[in-house]
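Read the structure below first, then the notes.
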Amino acid sequence: MAYWLFKSEPDTFGIDDLRSRPKQTEPWDGVRNYQARNMMRDQMQVGDLGFFYHSNVKEPGIVGLIEVVSVGYPDPTAFDPNSHYYDPKSDPDNPRWYLVDVRYRRHTKRNIRLAELKQYAEDVLADFPLVRRANRLSIMPVMPEHWDLILGLEEAPD
DNA sequence: GCCAACGTTGGC
DNA sequence: GCCAACGTTGGC
């Protein structure tokens, strides 16, 4: 079982949107970055857990927990000319983009803000990509010790 | 709105 | 295969 972090802009798709979906489940579509694709296609397993992170907002941070409920499979939006995520270079016989389905687990008790996580950027979270400057990876692995630290922060005063 | 960082594209 | 130009991400 592995841990991940999934970034999303809540104006596009936020934790509340996921909770309101049928079965509280949604394909994590539209990822067009090879590193992120590889993680979904090759590494994610059913039962893996993820942090749901809100980016591009006033106070970016971790707002919830989600669960991976499928292994990787081709992203159908890449084949749909009407989709915002359409990629004519992705061939159904040789798909370029993959996704997993994720299910809502819970909101965190509070927004565990990026600014707060950055306080640990020089020590315990030194190799956590999220706290590095100008990090653009939309999906990243979370080491178990980092996962535990962050869940501990959830219980701390805001 | 600014801009740093970084991924992608395409000319050569 | 190099690398400049360009586009996008995302914090601030």
Side-chain angles (χ1 to χ4, degrees), chain A residues 2-21 26-44 48-66 68 72-102 104-105 107-143 146-147 149-154 156-158:
Chain A
Y3 298 108
W4 306 94
L5 181 140
F6 293 75
K7 248 188 226 178
S8 188
E9 301 187 17
D11 289 348
T12 304
F13 186 79
I15 184 82
D16 294 334
D17 297 306
L18 180 60
R19 184 173 56 181
S20 68
R21 286 296 192 271
E26 184 78 355
W28 198 264
D29 58 19
V31 171
R32 298 293 179 265
N33 168 282
Y34 289 104
Q35 262 184 282
R37 188 249 352 233
N38 292 347
M39 289 185 254
M40 292 199 288
R41 187 189 61 185
D42 305 331
Q43 293 181 247
M44 286 193 193
D48 285 358
L49 295 177
F51 287 130
F52 197 117
Y53 176 88
H54 279 175
S55 67
N56 253 315
V57 287
K58 190 176 175 191
E59 294 196 321
I62 291 165
V63 295
L65 266 63
I66 61 181
V68 175
Y73 63 96
D75 182 345
T77 65
F79 311 133
D80 176 6
N82 297 316
S83 170
H84 176 64
Y85 301 120
Y86 178 56
D87 181 357
K89 286 178 273 191
S90 186
D91 177 352
D93 293 328
N94 184 22
R96 174 175 297 198
W97 304 115
Y98 283 70
L99 51 68
V100 296
D101 294 340
V102 299
Y104 173 83
R105 290 279 288 247
H107 281 62
T108 47
K109 294 174 185 172
R110 60 188 188 85
N111 179 10
I112 306 167
R113 302 181 326 277
L114 177 63
E116 183 180 351
L117 297 174
K118 281 192 166 176
Q119 294 173 6
Y120 302 89
E122 302 305 315
D123 45 283
V124 281
L125 293 181
D127 45 10
F128 186 37
L130 188 73
V131 299
R132 286 208 304 266
R133 188 144 177 268
N135 158 68
R136 295 169 59 190
L137 201 53
S138 65
I139 292 176
M140 66 188 71
V142 180
M143 293 190 292
H146 293 166
W147 182 271
L149 173 87
I150 293 165
L151 284 184
L153 290 178
E154 183 188 9
D158 199 354

Criterion side-chain contact (heavy atoms from CB on, under 4.5 Å) on A/F13 and A/R21, from CA distance to verdict = CA-CA 11 Å; A/F13 186 79; A/R21 286 296 192 271; 3.5 Å; yes
Start with the C-alpha gap between A/W4 and A/F52, add the side-chain angles, then the distance that decides, and say whether ring pair (Phe, Tyr, Trp, His ring centres under 6.0 Å) holds.
-> CA-CA 9 Å; A/W4 306 94; A/F52 197 117; over 10 Å; no
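A salt bridge links A/R32 and A/D75; the closest N-O separation between the charged side-chain nitrogens and carboxylate oxygens is under 4.0 Å.
The shortest non-hydrogen separation linking A/A36 to A/S138 is CB-OG, 4.0 Å. The two residues A/H54 and A/V57 come nearest to each other via the heavy atoms O-CG2, 3.8 Å. In terms of heavy-atom proximity, A/I62 sits nearest to A/T108 at O-OG1, 3.4 Å.
No hydrogens or angles considered: a donor-acceptor pair under 3.5 Å links the side chains of A/D101 and A/Y73.
Within residues 127-143 of chain A, the residues having any heavy atom closer than 4.0 Å to DNA chain C are, in order of number, A/N135, A/R136.
The nucleotide range of DNA chain C contacted by chain A, defined by atoms under 4.0 angstrom from heavy atoms of the protein and reported 5' to 3', is C/dG7 to C/dC12.
A/K58 comes within 4.0 angstrom of nothing in the nucleic acid, heavy atoms only.
A/Y53 pairs with exactly one of A/L114, A/N111, A/I112 by the side-chain contact (heavy atoms from CB on, under 4.5 Å) rule, that one being A/L114.
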